[in-house]
Amino acid sequence: MTDSKYFTTTKKGEIFELKSELNNDKKEKKKEAVKKVQRMVIASMTVGKDVSALFPDVVNCMQTDNLELKKLVYLYLMNYAKSQPDMAIMAVNTFVKDCEDTNPLIRALAVRTMGCIRVDKITEYLCEPLRKCLKDEDPYVRKTAAVCVAKLYDISSSMVEDQGFLDQLKDLLSDSNPMVVANAVAALSEINEASASGQPLVEMNSATINKLLTALNECTEWGQVFILDSLANYTPKDEREAQSICERITPRLAHANAAVVLSAIKVLMKLLEILAGDGDFCSMLTKKLAPPLVTLLSSEPEVQYVALRNINLIVQKRPDILKHEMKVFFVKYNDPIYVKLEKLDIMIRLANQSNIAQVLSELKEYATEVDVDFVRKAVRAIGRCAIKVEPSAERCVSTLLDLIQTKVNYVVQEAIVVIKDIFRKYPNKYESIISTLCENLDTLDEPEARASMVWIIGEYAERIDNADELLDGFLEGFQDENAQVQLQLLTAVVKLFLKRPADTQELVQHILSLATQDSDNPDLRDRGFIYWRLLSTDPAAAKEVVLADKPLISEETDLLEPTLLDELICHISSLASVYHKPPTAFVEGRGAGVRKSLPNRSASAAGEENTSVPEATVIPNQESLIGDLLSMDIGAPAAPAAPAPASSNVDLLGGGLDILLGGAPAASNDTAPATAAAGGSAAGGLLGDIFGIGPVSSTNMIQIPKITWLPADKGKGLEIQGTFSRRAGQVYMDMTFTNKAMQAMTGFAIQLNKNSFGLVPSAPLQVAPLQPSQSVDTSLSLGTTGPVQRMEPLNNLQVAIKNNVDIFYFACLVHGNVLFVEDGQLDKRVFLTTWKEIPAANEIQFNLHGIVGTADTVAAKMTANNIFTIAKRNVEGQDMLYQSLKLTNNIWVLLELKLSPGSSDATLSLKTRSVEVGAIIFAAYEQIIRSP
């Protein structure tokens with residue numbers, strides 16, 4: 001007989017029959033009745049039947065010694081207690097009694113069930129039984145109680161803290177039973193993530209870590225995962241401790257469970273940052289990391305995919321780990337497509353001069369497979385190899401030409417797209433193949449391939465005799481072309497005209513007419529008008545702009561931003577490492593806002609890696625010194641731009657205005673910041689007029705007047721007035737010391753307390769002896785490399801001044817504008833990408849009043865104060881300024897200022913990973929914008 005009968009409509013009297021059986025004196029019948037009720041509970045969850053009417057009768061069955069029956073009753077209670085909270089109270093006495101039962105299984109069952117019943121009235125009675133179970137003599141009861149503390153914290157966090165359960169939980173970390181330790185660690189991790197402040201409520205120290213490492217060897221596999229995840233959140237106090245932890249964790253790499261292996265790798269990847277100064281040990285550890293990663297690739301496809309996504313992160317951070325393991329990433333015929341594509345991506349990341357021949361041979365083989373998507377990726381991978389490994393570029397181009405000769409349509413089109421990128425990377429080197437590309441012009445039907453071919457024709461028009469005929473052929477169906485192709489056609493024809501004006505005048509007039517009069521695409525129209533005005537006003541300037549040298553394309557355009565990569569390394573073996581997104585991007589609620597980051601490398605390593613992007617400083621909490629201000633270092637674009645002549649630093653066409661719209665050629669005007677350009681010496685005025693950005697006037701950095709920091713009555717006659725300023729990239733404390741006492745003052749010295757931005761004096765305080773009634777001005781230069789501690793407010797600075805009279809203490813507020821560094825200008829594309837990546841929850845809006853001047857004067861003021869205007873647009877009559885700035889601790893802030901011409905009010909929108917700095921930025925912005 002099956003259980004299907006429980007999913008049918010309830011028979012007349014069925015509930016009554018169950019009630020009778022539940023109240024039967026015979027234990028067997030009662031047991032069968034409870035089983036039947038429990039099956040109905042499971043069925044009811046599926047078809048909507050309600051058996052809550054049996055609640056009092058089921059509760060009566062709790063008074064039994066039969067463990068199986070008791071389990072079924074407790075399971076019923078967990079399902080229905082929330083809908084019957086008043087009835088659930090009836091079970092409290094039995095729970096309390098069962099918590100003192102002689103059978104440890106019943107004690108554990110009782111405390112587990114009480115923890116799962118999310119009813120406030122029950123929770124009140126849970127504290128005392130839970131306290132006893134945490135000290136129970138049986139380890140099974142203790143480990144169950146440990147998990148119950150985490151469940152209770154989720155219901156009432158204040159109760160857990162007030163009742164001292166956190167301290168008891170921490171004591172369990174020293175338990176003799178490894179499973180108790182593992183569950184205590186799991187519970188503490190859960191509680192730390194659920195903490196409202198996002199800060200750990202229980203700090204780990206060396207002694208605790210040592211106990212966890214001892215328990216690690218004897219735990220079950222999931223217990224080991226909990227302990228390893230906890231170790232990943234601990235930062236050793238020195239290299240010696242880090243080495244010791246590494247040596248004790250390394251055996252976990254040989255574990256059969258993939259979760260244990262990945263968790264161990266996560267801990268070791270973090271510790272490698274601290275051990276960067278010890279080359280020999282790091283080298284040895286790196287060699288040990290490769291075999292377990294390779295072993296994971298022999299698992300089933302789903303596990304392989306998770307392993308590959310994690311390996312992708314590891315290879316980006318430390319490519320040397322798997323540099324000799326290229327063959328394991330070669331694609332197998334029976335691999336699912338998602339595994340094939342991931343392997344392909346890792347192959348490119350590991351490609352170097354020593355293995356490029358092997359890689360190219362594989363890729364060429366892949367390009368002949370039947371899976372179209374995979375073939376396209378393989379062809380693109382060949383192009384990426386050419387860009388990444390320069391000595392192999394010629395061989396890659398030769399391979400692409402061989403593929404073009406196959407005449408397979410989609411292969412040819414992908415090859416042309418990647419060859420266009422190769423031309424951008426290696427200008428004037430492989431142009432001899434253009435004739436071969438032109439032979440395939442008629443077969444191109446995909447927008448990206450057609451746009452790439454048009455770009456090649458326009459860029460090398462002087463080398464293609466019939467370039468005008470080829471482009472004219474495209475114009476016949478201009479209105480039917482994709483917007484991406486239309487934009488490239490417009491640019492290519494203008495390039496052709498500038499190179500061969502005599503015989504292409506009619507062609508350029510034709511396309512300008514099509515673009516400006518017959519098109520309803522605003523991007524195409526705008527670009528057409530720009531070209532038309534450039535060509536009609538100053539052809540020489542147009543030539544300098546349109547034919548300017550373009551920056552070389554990036555070697556690795558798809559690398560993750562360094563700070564995001566560091567965060568994802570801390571989330572190896574979790575969903576974040578599979579999605580390649582931080583938890584905040586897909587998790588809502590508790591724990592989502594807690595951001596992890598790799599520790600700073602040791603000083604010795606820092607000296608070796610001068611080229612690395614500076615790590616964003618995390619500002620610790622004033623009480624616990626645990627970082628809670630999130631930082632983000634966007635860094636520069638992936639590849640440095642090639643040096644361009646001073647008169648041609650505007651590139652309207654290298655990718656076009658559509659690039660600034662995130663690659664969507666037909667995007668509407670209000671989707672994102674569009675573009676800002678600054679003309680060179682030849683065309684600066686013209687371009688400024690076109691884009692609505694006037695020449696930046698020479699505006700000085702704002703000077704905020706001094707205020708009294710230490711009044712004479714509190715300084716025993718010493719009065720200090722001061723302000724902060726920024727000069728030549730340095731922060732200064734500008735102070736005036738006045739002696740209002742009757743005696744001379746000498747021996748001045750200064751000390752700053754730990755603060756949010758690590759400000760410390762970079763030189764001794766220089767103040768000459770002060771005679772009575774005498775004043776003296778002094779400037780103290782400040783560095784930003786001191787110890788960091790979060791202050792309230794963030795820009796609060798506590799100062800101690802010593803002289804021959806006494807030591808005086810006062811606090812002052814650092815002006816936000818002095819913390820804005822000179823290299824805070826983002827690339828337009830990085831700005832747009834970052835704006836989209838930062839969650840909407842991290843956007844803050846402020847209203848500004850009493851603004852005087854136009855958008856141009858505001859932009860000029862801001863630029864003088866290291867707030868850089870990235871782009872300017874006019875949307876529905878409102879001027880929009882898109883700006884960026886970087887603080888001294890490498891926190892980036894993105895700004896959008898909305899101004900209405902003729903109005904003195906404006907709206908400032910601010911986006912940053914560290915929303916806590918918003919108040920400082922706004923205050924500084926308001927001071928600057930209102931300055932004369």
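Heavy-atom minimum distance, Q845 versus S909: NE2-OG, 3.1 Å. When all heavy atoms of Q486 and F478 are compared, the pair lying nearest together is NE2-O, 2.8 Å. Across all non-hydrogen atoms, the minimal contact from V858 to L899 is CG2-CD1, 4.5 Å. Across I416 and A449, no two heavy atoms sit closer than the pair CG2-O, 4.0 Å. Annotation for F820 and N865: closest pair CD1-O, 3.5 Å, computed over non-hydrogen atoms. Nearest approach of T516 to W532, heavy atoms of both residues: OG1-CZ3, 3.4 Å.
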For the pair L313 and R309, evaluate side chain to side chain contact (heavy atoms under 4.5 Å, CB included) and give the outcome as yes or no after the intermediate values.
CA-CA 7 Å; L313 296 174; R309 292 294 282 175; over 6 Å; no

Could you walk me through whether D421 and R384 pass the salt bridge (Lys or Arg N to Asp or Glu O under 4.0 Å) test, one step at a time?
CA-CA 9 Å; D421 290 336; R384 285 175 62 189; over 6 Å; no

For the pair Y925 and Q883, evaluate side chain to side chain contact (heavy atoms under 4.5 Å, CB included) and give the outcome as yes or no after the intermediate values.
CA-CA 11 Å; Y925 203 100; Q883 300 171 321; 2.6 Å; yes

Start with the C-alpha distance between M862 and I929, add both sets of side-chain angles, then the distance that settles side chain to side chain contact (heavy atoms under 4.5 Å, CB included), and finish with yes or no.
CA-CA 8 Å; M862 295 302 155; I929 207 167; 3.8 Å; yes

Run the numbers on H849 and E926 for side chain to side chain contact (heavy atoms under 4.5 Å, CB included), then give the verdict.
CA-CA 9 Å; H849 306 287; E926 192 171 36; 5.9 Å; no

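In this structure F922 satisfies the ring-ring contact (aromatic ring centres under 6.0 Å, His included) test together with F846, sequence neighbours excluded. Residues that satisfy the salt bridge (charged side-chain N to carboxylate O under 4.0 Å, His left out) test with R380, not counting sequence neighbours, are E414, E448. Not counting sequence neighbours, Q825 has no partner by the side-chain hydrogen bond (donor to acceptor under 3.5 Å, both in side chains) test. E896 is linked by a salt bridge (charged side-chain N to carboxylate O under 4.0 Å, His left out) to nothing, counting only residues two or more places apart in sequence or in another chain. By the salt bridge (charged side-chain N to carboxylate O under 4.0 Å, His left out) test, D518 is found to be paired with no residue, residues two or more places apart in sequence or in another chain being considered. The salt bridge (charged side-chain N to carboxylate O under 4.0 Å, His left out) search around K499 returns E462, not counting sequence neighbours.
With a 6.0 Å cutoff to the six-membered ring centre and a 45° limit on the axis angle, R727 counts as a cation-pi contact of Y732.
Between the OG1 atom in T888 and the CD atom in Q730 there is a gap of 11.0 Å [rounded to 0.5 Å]. Considering CZ of R726 and CG of N866, their distance stands at 6.0 Å, rounded to 0.5 Å. Remark: I838 CD1 to E843 CD distance equals 9.5 Å, nearest 0.5 Å. With values rounded to the nearest 0.5 angstrom, L887 atom CG is found 5.5 Å from F757 atom CZ. Atom CD1 in I422 sits 11.5 Å away from atom NZ in K425 (nearest 0.5 Å).
A side chain to side chain contact (heavy atoms under 4.5 Å, CB included) with N795 is found for exactly one of L759, V818, I920, namely I920.
Counted by atom type alone, H815 and T723 present one or more donor-acceptor pairs between their side chains at under 3.5 Å. Side-chain polar atoms of N755 and N796 form no donor-acceptor pair below 3.5 angstrom. Between the side chains of T491 and R527, a donor-acceptor pair is found at a separation under 3.5 Å.
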